[in-house]
Amino acid sequence: MRLGHDRDQQLFAASVRALLGRECMPEHARAGFSPKRWEALAGIGVPGLLVPGQYGGLGLGAGELAAVAEEAGRACAPEPVIEAAVAAALLTHAADGKDTGRAADWLRALADGGATAAVALCPAAPVAHAVHADFVLVARDDALYGMPAAAARIVPVGGVDPGRALGRIDTVVRAPGAALLLATGQGAALAEAARLGAIAAAADLLGSARAMLDLTVQYAGRREQFGRSIGTYQAVKHKLADVLTAIEFARPTVLRAAHSYDHALPSAARDAAMAKVFASDAADLAARACLQVHGAIGYTEECDLSLWLRRVWALSSAWGDAAHHRAAVADDLLGPDPAPACPPR
Amino acid sequence: MRLGHDRDQQLFAASVRALLGRECMPEHARAGFSPKRWEALAGIGVPGLLVPGQYGGLGLGAGELAAVAEEAGRACAPEPVIEAAVAAALLTHAADGKDTGRAADWLRALADGGATAAVALCPAAPVAHAVHADFVLVARDDALYGMPAAAARIVPVGGVDPGRALGRIDTVVRAPGAALLLATGQGAALAEAARLGAIAAAADLLGSARAMLDLTVQYAGRREQFGRSIGTYQAVKHKLADVLTAIEFARPTVLRAAHSYDHALPSAARDAAMAKVFASDAADLAARACLQVHGAIGYTEECDLSLWLRRVWALSSAWGDAAHHRAAVADDLLGPDPAPACPPR
Amino acid sequence: MDRLLYLTLCQIMLARVTDLAFTVAEEDFRCEIREWLAAHVPREPLPSMDTAEGFRAHQEWERELYDAGWAVVGWPARYGGRDASLFEWLIFEEEYWRSGAPGRVGQNGIFLFAPTLFEYGTEEQKNRILPPMARGEQIWVQGWSEPGAGSDLAALRSRAVRDERRGGWVLSGQKTWSSRGAFGHRLFGLFRTDPAAGRHRGLTYLMADLAADGVSVRPIRQLDGEPGFAEVFLDDVFVPDADVLGEPGQGWNVAMSTTGSERGLSLRSPGRFLAAADRLVALYGQVRAGTTPGRRTPDTYRDAVADAWMRAEAYRLYVFQTVTRLQEGGVVVGAESSLNKVFWSELDADLHTTAQRLLGPHAETGGPWLDGYLFALAGPIYAGTNEIQRNVIAERLLGMEREPKGGRR
Amino acid sequence: MDRLLYLTLCQIMLARVTDLAFTVAEEDFRCEIREWLAAHVPREPLPSMDTAEGFRAHQEWERELYDAGWAVVGWPARYGGRDASLFEWLIFEEEYWRSGAPGRVGQNGIFLFAPTLFEYGTEEQKNRILPPMARGEQIWVQGWSEPGAGSDLAALRSRAVRDERRGGWVLSGQKTWSSRGAFGHRLFGLFRTDPAAGRHRGLTYLMADLAADGVSVRPIRQLDGEPGFAEVFLDDVFVPDADVLGEPGQGWNVAMSTTGSERGLSLRSPGRFLAAADRLVALYGQVRAGTTPGRRTPDTYRDAVADAWMRAEAYRLYVFQTVTRLQEGGVVVGAESSLNKVFWSELDADLHTTAQRLLGPHAETGGPWLDGYLFALAGPIYAGTNEIQRNVIAERLLGMEREPKGGRR
């Protein structure tokens, strides 16, 4: 029994943290996706984290990804770290060990930083990082399709977090045949990839929540009202204490989910769901509490807090929100919900 | 448009308050049901509040009952005020204007204080105030049965609130035929009586919650820790401010529910449900907050707070808890819930 | 008994019976405004009032309301109103928000400043200021907060220095979080006229022209991307005596009457939340039916939708109770407005959070629900943070002791 | 490379890889305790340990545990333990609570006092005190709170005066909220030995015999009707020097190590909540199936049941993380135990509230869920209120500034 990032994961996370500490200050994060920063991240292996060594990647797992995604959240990096990992998992299955073919080519391009990916597991919803993606993976039933961005008719869509660079992939929605079929019979691989996305998003949310908390503790220590810093008031202290508690108890669930994913344990689906429940709830709590403690200034674009607020408002619902995953755990624990979901549309 | 107790209701409530202020101090409430206090309440018309004038009652409505029940809650009076009112409503329907018969007799006995009632609308659950009831009304399908307590084989049942004098009516459960059939075709009357019980319980909970809040504000002003009264700490203040807010916004919903009941408005069922949602939630919040502020002393029997805690823990769930009534409002508002309740047992 | 006295007594008694129906006249009033709105509310939403274009469009809408007599129903007719009762005003608000009519660009003037003006203004001030406010010609901007004075309003430092020669005051300092400051015309607010006096003393309630010499305005972008706030810098801005409201040095008392109305009835009538709750119920149905893209499991939020709707109703009933007391000559203490503020702001935040959850993965792409969500999250902050409101509730309504002083100043 | 060094390094590296499986030895340990419990846990629950009869029955159970070597698994064998690792202790706790075994009547001695004794006790004290504690013969009672010192423990006023002649101390004063005080044997707690010293100074950690001359005990009935607490009055009670723990005057530091363990791992192991969560899941199924009388709409509480179960799991994982850090020589600061305390106490209160809701109209008639509910509501109060814990979290883990002094003393 050992629950904690291992030393390699800690070292890897530290190098990502150092890189983003230099290259992704709030003023950089504000400017959105940076090809230069992506290249730097590729230099230390981030986009190829889950790409097998055979294709030039590091062949690591969800444990490393969680450590890295937490740093991406902490720095509010607007790069598609989660999407690269999910694409790597999907393409690895589709390539099925072969050295040639489109899936293998894209795996190599991912690993060397030459291409960024967007992933549309749920075709009707807007797709994150589609606007600057080089290729797009699309799931339809149990098949995986892919297409170069140039062929995909990607329409930028406004969103609460400009750093997500949302796009709607019209081609796919209207004519899935226009995309290249990469593999069929991918049902299990698609479900696994969705879990990986949820775990990575959960880790990102922990980093984002902690960054908001740190900003807010600093602000509360600086801001004076009624002759003392607002951080001395119990109403402020207790709110932020609850945020810390939520973050700290969410983290081990994310580590466990990553471990279950990497070892393909029978509880992997439930563990991923649980991690996203705790991380989304912690980040939502952090967003509301930190905005409240900042007061009006938190409500302005010029305040750095707004970068993370936007990120959390989007990411806490992406890859399944807390209610979605809570219901999944309930189904697993208590038997299926007698109230079926609405029919798929 | 006028929302508030009218003058008569206020005067009536004031006389009940004065009586209970004398006769139902905490040390009296602690001793449980008092025939003497019940006689005094009968003297000012409380048990006959809803009994028609024809049978010697006051022929008033839910508006007056709500004003009185709030006072009963405030004083933690262990008398069956709600049960008397519900029994009056049921018997009035069953008597159907006739001057003779068992229903008419019991109405007269209720009004002059000569008999107390217990009401079992849901036969499987324990029945409040059954232990000292003179007669018991029991609903089965759409029929109303009644029997003198002597014939009813009432088994006392322990409960969180000794003031509720719970009993299980074994005869009825095992042999409904042993009871006297008072009337059939009472479906609507039974539903209406359940609404009246919910409204009265809601009003009682408001009074109970307010009594706990007042006790706790006093205690917080007296108790010193770290060199100042604990009532000066924001954590304590804000908790109690939330309790007051919950109570104050629940009260108009109770008044409205009583008005809708008295005028048999189409929204009467929904309004009663809504009142019980707000009142149960407010009282539950008050119980948890007031216990917390009292600390260990609130956890002892000798502290007066415990009287109301027990009352609220029982009454917030009796006559339908907040979740039950919230679901009823949701069904009315959003269409029926796709998840049916468990089959009736 | 004298017949007139008898009838009067009957009326008083009748009026004091709980009666949750509106009168025939009130129902007629409701029909009238409902029909007018159905015919006049723009089919397409106006552009955001925090853009130059939208600001003008909203001013035009205010003029249209005014011309039809709906701009300020509760005001006396001589200033552009129709002498409506408080209940009629509540009815107007219910219908206004239910119809989907545009937000009120003049709201800070109409709902925050005007009540103070009615209480403290001279006849000359009322005649000069109220009609153009009602017509939407002059949009008023609040000048309360300063960089160092938010929740702690009494810490403000902007100054007004007496200018005997010109017969007025010279303002200097900085105001912030002034809604509509980027496009509005005039500012009302508090200025320190006696720096030697204590925190709440030596303040004066003044008005200033945002086009005057020495005023510069810096728009601040909000989370929705629009400059909804502004900072207002005042550098030796002259204000004549005619633009002092109330007595010099009495500004705190004058201002408290405004913040009382702000948190009380006038800023956030129940109509706004009733309309939002009805839209939420409709959204639930649409998501369930698949006519609006949203989460696949809307039933998870059944209880939350019902709760939001019930809380909006409860707020409505609470306000009816308050107005009943006011009409019967009861005293409604200012601190009760803190209960209101906490209740509606948390209701609004939770209601819009539920809407976002119903939209699920589609929530982030924006639209009216996202705008409403961002605005609702500001509710627990503006008009006095909910933390301050809870202090007020505890100290003034429950009589709890204040925190001991002991700051470092 | 030297082969031994190589193997050691491999072991270190291996030990540092995330690995959420227990070792074979640990799983064997789990089987052993599970089988023993299955054979020995009383079929009928023992009477409440807060009655005279139940107290004796629980003491007998402790003896049975001791004889089988399960009373204090983590202690050294020479005091009655079996030198179990922290992970083995967690496994023991999981199995113990899951089996439905009786509550530990000696828990305040074993889990609160003993850790302090291990840290500060002399060899003589440990040899004298620990074995009878492990056998359940001597039940220890805590003497922390006083009528004027609850959350503010440093305000305590009970005194110990030096008696040079007899070589010891003379205690006087009043302790309260002493669990098991009505039937227990000995008391541990803090006493003021230097009244002139500051609040946290001049305190001494002492033990006293509840049968000694000058001790009187007043049982206090709790909400469950049983005397779970007592007040202990001390009137010139003599305590020999051998019953001082640590140095005289150093009581605060000694005590803080105990409250650290109390809020930290030892008082509330995850096993207790995991077992309660599993019972809640079972209750949901029974109410749904109709085999236990409960509410007609248990589905309303699906999410709440799942949440309680997940929070118990999260607490378990968090403790695994903490033990991992401890085993790798990491420092776990005392203030982290405040995170624990807030988390498990709120989890427990919410879990039992959900159970009560599932029982619906049958909740009020009592039984183990009602008892559990009443006990769970005390969780946010005892062992330092959650308000104090949140101060500690904010000030010591987030580094926020303390409130300015400014009391009236």
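Quick note: numbers below take in every heavy atom, side chains included, and nothing from hydrogens, waters or symmetry partners. Here the structure is a predicted model, which is why all the values come from computation and not from measurement. Within every chain, numbering begins at 1; the chains are lettered A, B, ... in the order of the sequence lines, protein sequences first and strands thereafter.
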message: Check this for me, if you would: do A:Lys239 and C:Glu387 make a salt bridge, where the nitrogen-to-carboxylate-oxygen distance has to be below 4.0 angstrom?
response: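 Yes, charged N to carboxylate O under 4.0 Å.
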Pair A:Arg228 + C:Glu403, salt bridge at N-O below 4.0 Å: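 Looking at C:Glu403 together with A:Arg228, the answer is yes, because their closest N to O distance falls below 4.0 Å.
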message: Does the plane of the ring in C:His200 sit parallel, tilted or perpendicular to the ring in C:Trp252? Use 30° and 60° as the thresholds.
response: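 The arrangement is perpendicular - the two ring planes meet at more than 60°.
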message: Below 30° counts as parallel, above 60° as perpendicular, anything between as tilted: where do the rings of C:Trp177 and C:Phe229 land?
response: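 Aromatic pair C:Trp177/C:Phe229 classed perpendicular.
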task: Using a cut-off of under 4.5 Å on heavy-atom pairs, state which of A:Leu166, A:Val236, A:Val157 scores highest against chain C.
output: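 Result: the option with the highest number of such pairs is A:Leu166.
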- prompt: Given the options A:Arg310, A:Arg326, A:His324, which has more heavy-atom pairs under 4.5 Å with chain C than any of the others?
  reply: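 Option with the top pair count is A:Arg310.
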task: Please state whether the side chain, the backbone, both or neither of C:Ser151 comes within less than 4.5 Å of a heavy atom of chain A.
output: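 Contact with chain A is through both the backbone and side chain of C:Ser151.
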message: Please classify the contact of C:Pro147 with chain A as side chain, backbone, both or neither, using a heavy-atom distance under 4.5 Å.
response: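 For C:Pro147, backbone heavy atoms alone lie under 4.5 Å from chain A.
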Which atom pairs, donor and acceptor, lie under 3.5 Å between side-chain atoms of residues 366-374 of chain C and protein residues at least two apart or in another chain?
from, atom 1, to, atom 2, distance (Å)
C:Tyr373, OH, A:Trp313, NE1, 3.4

query: Would you call C:Gln222 and A:Thr300 a side-chain contact if the rule is heavy atoms closer than 4.5 Å?
result: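 Result no, sub-4.5 Å side-chain heavy-atom pair not found.
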Side-chain heavy-atom pair A:Leu215, A:Trp308 within 4.5 angstrom cut-off: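 Of all side-chain heavy-atom pairs linking A:Trp308 with A:Leu215, at least one is under 4.5 Å.
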- prompt: When only pairs under 4.5 Å are counted, which of C:Gly360, C:Ala363, C:Ser145, C:Ala149 shares the most heavy-atom pairs with chain A?
  reply: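 So the answer, after comparing C:Gly360, C:Ala363, C:Ser145, C:Ala149, is C:Ala149.
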field: C:Arg221 (side chain) donor-acceptor with C:Gly225 (main chain) under 3.5 angstrom
entry: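 Answer holds: yes.
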Positions in residues 285-298 of chain A that reach chain C, provided some heavy atom is under 4.5 Å away: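 The list, in residue order, reads A:Arg288, A:Leu291, A:Gln292, A:Gly295, A:Ala296, A:Ile297, A:Gly298.
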